[in-house]
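First up is the structure itself, then whatever we jot down about it.
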Amino acid sequence: MSKQSISTKPVKGMRDVFPADMRIRNWLFQHWRTVAKSFGFEEYDSAIVESEALYIRKAGDDITKELYTFEDKGGRKIALRPEMTPTLARMIMAKGGSLPLPARWFSIPQCFRYERMQKGRKREHFQWNMDIIGLSSVAAEVELMAAQYTFLKNVGFVVEGEKTEIGFKVSNRQIIETFLDSLGITGETFAEVCIVMDKRDKIGEAATIEQLSQRGLNSEQANAILNLLNIRGMDELRETVGEDNPGYRSLVELISLAEAMGIASVIEVDLSVIRGLSYYTGTVWELYDTSGSVPRAIAGGGRYDRLMESLGGKPTPMVGFGFGDVVITLLLQEKKKLPTNQTLVDDVIYPIQKEQFAIANRLAAQLRGQNRTVLVEYSERRFKHVIKLAEKVGAKRMLIIGESEAAKGVVRCKTIGGNQEEQPLSDFGL
């Protein structure tokens with residue numbers, strides 16, 4: 001009976017992460033963690049499985065169609081988490097009134113969605129989340145945008161001046177809600193219409209009108225919505241919705257605070273930014289590549305003050321963003337901003353023959369005790385191969401021990417790309 005070969009490919013939409021890729025991921029995550037902590041945020045996490053009920057909403061969000069779901073052995077309906085925000089809300093609710101507010105939490109969870117794959121989108125990804133709980137002021141939104149801005153600047157993107165590489169498109173769901181209410185669009189229809197509006201840039205105006213008509217809207221309502229989505233800038237917005245619109249007033253305050261924070265130059269008002277999830281209630285924003293090479297949002301965020309209440313908790317102001325690793329890694333690669341020569345180890349120890357393995361191990365233990373990273377090369381290969389290895393891993397030096405060195409009680413220390421000299425093993429505590 002012949003043996004059947006197993007496929008070497010990962011499950012469709014998933015990724016294998018080889019060491020070179022893992023170095024990039026760790027570099028990215030470290031930047032995310034550094035920025036979040038610099039803003040005073042605390043890290044949290046949870047299991048990747050949740051109750052399916054946490055994501056099934058009456059509003060018909062697309063996310064409910066993209067869940068990876070299964071039934072566990074206890075007959076419970078379980079889902080792999082597609083996003084972190086509902087989990088965050090559940091965890092905040094679990095704390096009851098014991099959690100001091102406002103709270104600033106961040107996480108880098110792995111999320112799963114069964115959706116159509118495209119450039120910058122997989123069926124699993126990691127996502128940098130930063131959320132502020134218990135602060136109703138738009139100062140919270142500006143702080144989160146400033147964190148994203150700081151990260152982008154730290155990894156080498158141009159986010160200042162006229163040639164900004166990443167832009168922030170900002171809108172407000174209160175503007176949309178008030179406007180749709182004036183058209184007689186409320187309740188569940190409002191949420192469904194928002195989902196269609198969010199797709200406009202992807203499907204085009206004709207398809208948008210068709211989908212709106214399928215939800216009971218007439219041509220006058222549909223055209224009014226398209227006109228709203230085409231608004232750009234605060235002057236045009238004020239003329240259309242009026243200064244008393246709560247969403248407009250919120251955007252005025254947000255832009256003022258953004259100017260004080262020094263990030264207003266990358267922010268533009270764009271009413272076509274809806275964010276498809278139904279729980280958003282106020283400010284919504286997306287980051288985009290100004291060159292257009294990545295045709296989808298790089299990251300997005302928004303205010304969701306009614307989410308806790310919808311899950312049975314107390315009304316609590318909340319705002320946050322999600323920043324996926326797939327699309328930003330792709331963009332960093334395209335713009336040649338990924339690190340190239342990363343140091344994996346400080347020292348490569350090269351025992352030329354197996355008789356020197358014991359000395360090499362004792363030397364490695366001493367160096368590791370000094371918080372140095374050490375690779376011992378046991379292959380007994382020729383010197384030129386070990387030099388190539390040392391260069392590949394970014395080592396600062398090689399420590400060479402052969403028969404003659406062992407006999408003299410020394411080690412040959414070679415600086416990579418430089419000179420070498422003998423040094424007594426006693427200098428290393430041996």
Side-chain angles (χ1 to χ4, degrees), residues 8-38 82-84 106-130 144-169 201-202 263 265-266 273 285-301 321-345 388-389 391-395:
T8 59
K9 296 180 180 179
V11 173
K12 188 174 182 180
M14 309 299 169
R15 295 173 289 174
D16 290 325
V17 186
F18 291 96
D21 304 315
M22 198 68 194
R23 289 198 294 273
I24 297 299
R25 175 183 287 182
N26 288 339
W27 170 85
L28 177 64
F29 287 10
Q30 184 57 47
H31 272 287
W32 282 346
R33 286 192 168 94
T34 297
V35 170
K37 290 177 180 178
S38 75
E83 55 165 329
M84 196 64 166
F106 83 96
S107 62
I108 308 177
Q110 189 174 21
C111 301
F112 300 82
R113 291 191 186 188
Y114 192 87
E115 58 185 339
R116 184 174 65 86
M117 292 177 291
Q118 54 184 290
K119 184 177 181 180
R121 186 186 292 272
K122 300 286 186 181
R123 288 177 176 170
E124 64 84 17
H125 69 283
F126 284 85
Q127 183 168 286
W128 177 33
N129 286 61
M130 287 180 65
L144 293 173
M145 292 178 193
Q148 293 173 313
Y149 179 97
T150 301
F151 160 73
L152 294 167
K153 188 174 181 179
N154 287 353
V155 296
F157 285 105
V158 177
V159 286
E160 298 172 316
E162 296 181 359
K163 296 184 178 180
T164 298
E165 292 180 304
I166 307 294
F168 288 60
K169 293 180 178 179
D201 290 343
K202 300 175 185 176
I263 64 171
S265 61
V266 295
V273 175
W285 74 93
E286 291 181 346
L287 278 59
Y288 69 100
D289 168 29
T290 58
S291 73
S293 67
V294 176
R296 57 182 300 267
I298 297 169
F321 69 74
F323 205 130
D325 71 318
V326 177
V327 66
I328 192 61
T329 301
L330 174 65
L331 192 59
L332 285 162
Q333 183 178 35
E334 288 186 353
K335 296 186 179 296
K336 303 186 185 311
K337 298 181 187 295
L338 289 175
T340 52
N341 299 316
Q342 296 187 72
T343 298
L344 305 181
V345 299
K388 287 183 179 179
L389 170 66
E391 291 173 344
K392 179 181 177 182
V393 299

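Numbers here are sequence positions counted from 1.
- Taking 4.5 Å as the limit, every side-chain heavy atom of Asn154 sits out of range of all side-chain heavy atoms of Thr34.
- Atom OH of Tyr114 sits in a sparse spot, with 12 or fewer heavy atoms from other residues, nucleotides or ligands closer than 6.0 Å.
- Scanning both residues, Glu124 and Val326, for their nearest heavy atoms gives O-CG2, 4.3 Å.
- Of the possible polar contacts, none joining the Tyr288 side chain to the Lys169 backbone as a donor-acceptor pair under 3.5 Å is found.
- Between the CZ atom in Arg33 and the OG atom in Ser38 there is a gap of 14.0 Å [rounded to 0.5 Å].
- Taking 4.5 Å as the limit, every side-chain heavy atom of Phe106 sits out of range of all side-chain heavy atoms of Val35.
- Two residues are said to be in side-chain contact when any heavy atoms from C-beta on lie closer than 4.5 Å; Thr329 and Phe126 fail this criterion.
- In plain terms, the two heavy atoms of Phe168 and Tyr149 that are nearest each other are CZ-N, 4.0 Å.
- Taking CD1 from Ile166 and CZ from Phe157, the interatomic distance works out to 4.5 Å, rounded to the nearest 0.5 Å.
- The two atoms that bring Ser107 and Met84 nearest to each other are OG-CG, 3.7 Å, heavy atoms only.
- Counting only heavy atoms from C-beta outward, the side chains of Met130 and Trp32 never approach each other to under 4.5 Å.
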Practice task
Give the C-alpha distance, both sets of side-chain angles, the deciding distance and a yes or no for side-chain contact (heavy atoms from CB on, under 4.5 Å) between Glu334 and Leu330.
Solution key: CA-CA 6 Å; Glu334 288 186 353; Leu330 174 65; 3.9 Å; yes

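- Across His125 and Arg15, no two heavy atoms sit closer than the pair CA-NH2, 3.5 Å.
- Under the 3.5 Å distance criterion, the side-chain polar atoms of Arg123 are matched with a main-chain donor or acceptor of Glu115.
- Separating the CD1 atom in Ile328 from the CD atom in Gln333 is a distance of 12.0 Å, to the nearest 0.5 Å.
- Closest approach of Val159 and Ser265 over heavy atoms only: O-OG, 4.1 Å.
- Once rounded to the nearest 0.5 Å, the distance linking CG of Leu287 with CD of Gln148 reads 5.0 Å.
- Across all non-hydrogen atoms, the minimal contact from Ala297 to Val327 is O-CG1, 4.2 Å.
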query: Hey, mind stepping through Ile24 and Leu332 against side-chain contact (heavy atoms from CB on, under 4.5 Å) and telling me if it holds?
result: CA-CA 10 Å; Ile24 297 299; Leu332 285 162; over 6 Å; no

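- Here CG of Leu28 is found 8.0 Å from CZ of Phe323. Values are rounded to the nearest 0.5 Å.
- Atom CZ of residue Arg23 and atom CG of residue Leu344 lie 4.5 Å apart, to the nearest 0.5 angstrom.
- Distance alone, capped at 3.5 Å, places no donor-acceptor pair between the Thr290 side chain and the Gly167 backbone.
- Other residues, nucleotides and ligands contribute only 12 or fewer heavy atoms inside 6.0 Å of the NZ atom of Lys153.
- In this structure, the side chain of Lys337 engages the main chain of Gly156 through a donor-acceptor pair within 3.5 Å.
- Using a 30° and 60° split on the angle between ring planes, Phe151 and His31 fall in the perpendicular class, above 60°.
- The local environment of NZ in Lys388 is sparse, with at most 12 non-hydrogen atoms from other residues, nucleotides or ligands closer than 6.0 Å.
- Relative orientation of the Phe321 and Trp285 rings is perpendicular, given thresholds of 30° and 60° on the angle between their planes.
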